[in-house]
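Okay, so here's the structure we're looking at.
Note that ligands are numbered from 1 as they come in the structure, with each ligand's atoms numbered from 1 the same way. Numbers for residues simply follow the sequence, beginning at 1. All values below come from the heavy atoms of this structure, side chains included, with hydrogens, waters and symmetry mates left out.
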Amino acid sequence: MELIKEIFNEIKKHEKIIILRHKLPDGDAYGFQFGLKRIINLNWPDKIVKISGLPNPRLDYVGTEFDEIKDSEFAESLVIVGDTANTARIDDERWSLGKKVIKIDHHPNREPFGDLIYVRDDFCAASEILADMIRSENLKIDAEAAKIIFHGIVTDSGRFLVRFPKPRTFELAGWLLQQGFNLEALYHDLYERPIEEVRFTSYVYDNFKTSPNGVAHIYLPKEKLKEFNLSAFRAAYDYSTLLADIQNVPVWVIFAQLEDGTIRAELRSSGVTINHVAEQNGGGGHKTSCGIQFKDLTMMDVVIDQLDQTLAKEKNGN
Ligand SMILES: [Mn+2]
């Protein structure tokens, strides 16, 4: 595809490249950032590739080394932003200082930014887009790069369960696996969890509530999260699947309170479109998987109510 060639041409043309991704990085953000860095290093070893953003210690097994980047370096660099739908979420506000900026993403392209934009919302993960780009251009890849990118796909697709993986997704995953990384070891890193988190699971199951039309929801204040030694982000985001697959509960939300009192809401559905509720309240995301952040506790009822109304309309066939 032309656009893919154009992106790699830009990479070839630039001596310095900076790779960025969204705040509060997940497996996919890491997969894109560390994966692309390694691929560029393998294929064009004389290029200087840097990555920045706040680390997520939970993902230390994927990569730990981030670079200190001076402001002046941006002006000389090609900046590639992956897995990030809008500029406010980019985890380095200096992105716009880049000599040239490329956006590569799989979220709906609500806020197009950059000089080159490659958005494919039919892909499960930005890491899947990356795998496809590498394979279609026949680039060099090794087991470590394959592992990092595979991890991005497997986490963002909820272990190939959500966001509708395509035959292509499995093909790419198979191709990555062929590169020879140890899948068993990777899954061990991915699945092993502290005992507090097992207790947390039990707490969520015991305490969630449901609205009349089937919105499951739970609020986790910061004191509660401390008991389980969990960050708000991890509780709301990584554990969003806890309330999935409940009969007659097509929509679910986890509200988790950050240290500063802000509430992080992660909204999920098994099919009904819900991202309008996130957008109406200052958030955003995918049709069936989106998030909001707000300070006002009463907003929780507003969000639950709007989601409940969405389900009511759905039932009445509107
Ligand atoms: Mn993603």
Side-chain angles (χ1 to χ4, degrees), residues 4 7 19-39 51-56 58-59 61-63 80-92 95 102-114 117-134 145-166 168-170 172-173 176 186 190 233-234 236-241 244 254 264-269 274-275 278-279 283-293:
I4 294 177
I7 291 167
I19 306 166
L20 306 175
R21 42 67 184 166
H22 59 80
K23 294 174 183 165
L24 300 171
D26 53 13
D28 188 26
Y30 264 45
F32 182 87
Q33 200 175 32
F34 284 100
L36 180 57
K37 177 177 178 174
R38 195 166 174 95
I39 290 296
I51 57 178
S52 92
L54 281 179
N56 175 352
R58 179 73 200 177
L59 294 172
Y61 61 91
V62 178
I80 303 175
V81 184
D83 197 34
T84 313
N86 53 315
T87 52
R89 286 208 76 206
I90 303 175
D91 198 1
D92 195 321
W95 67 272
I102 300 178
K103 173 187 185 181
I104 300 174
D105 190 29
H106 71 121
H107 300 87
N109 195 16
R110 294 248 191 282
E111 190 192 329
F113 62 85
I117 298 173
Y118 184 43
V119 169
R120 294 288 301 269
D121 59 10
D122 56 324
F123 277 68
C124 291
S127 299
E128 187 191 358
I129 300 177
L130 178 60
D132 181 59
M133 289 170 65
I134 299 161
K147 182 190 92 174
I148 293 167
I149 297 166
F150 180 94
H151 178 265
I153 298 173
V154 82
T155 50
D156 236 31
S157 67
R159 319 302 185 258
F160 302 108
L161 278 174
V162 295
R163 289 186 194 156
F164 314 109
K166 309 264 187 303
R168 179 201 57 219
T169 315
F170 292 100
L172 288 168
L176 291 167
L186 178 66
L190 185 55
F233 178 70
R234 183 152 166 76
Y237 190 90
D238 290 358
Y239 286 92
S240 59
T241 50
I254 295 183
R264 174 82 203 172
E266 286 294 335
L267 289 57
R268 297 290 183 273
S269 107
I274 51 168
N275 60 348
E279 283 165 14
H286 300 275
K287 280 181 188 162
T288 60
S289 159
C290 45
I292 321 173
Q293 235 161 262

The Mn ion (ligand 1) -> H106, closest N, O or S atom is NE2
Shortest-distance N, O or S atom of D156 relative to the Mn ion (ligand 1): OD2
Where does the angle between the aromatic ring planes of F233 and Y237 fall among parallel (under 30°), tilted (30 to 60°) and perpendicular (over 60°)? parallel
Answer yes or no for C124: is there an N/O/S atom below the 2.8 Å cut-off from the Mn ion (ligand 1)? no
Under the rule for salt bridge (charged side-chain N to carboxylate O under 4.0 Å, His left out), what residues qualify as partners of D121, not counting sequence neighbours? none
Residue from H106, R89, R21, Q33 passing side-chain hydrogen bond (donor to acceptor under 3.5 Å, both in side chains) with D83: H106
Between D105 and I129 the two heavy atoms that sit nearest each other are O-CD1, 3.2 Å
The Mn ion (ligand 1) - closest N/O/S atom in D28: OD2
Report yes if some heavy atom in the side chain of R110 is under 4.5 Å from a heavy atom in the side chain of N275; otherwise report no. yes
Relative to the Mn ion (ligand 1), which of the N, O or S atoms in D83 is the closest? OD1
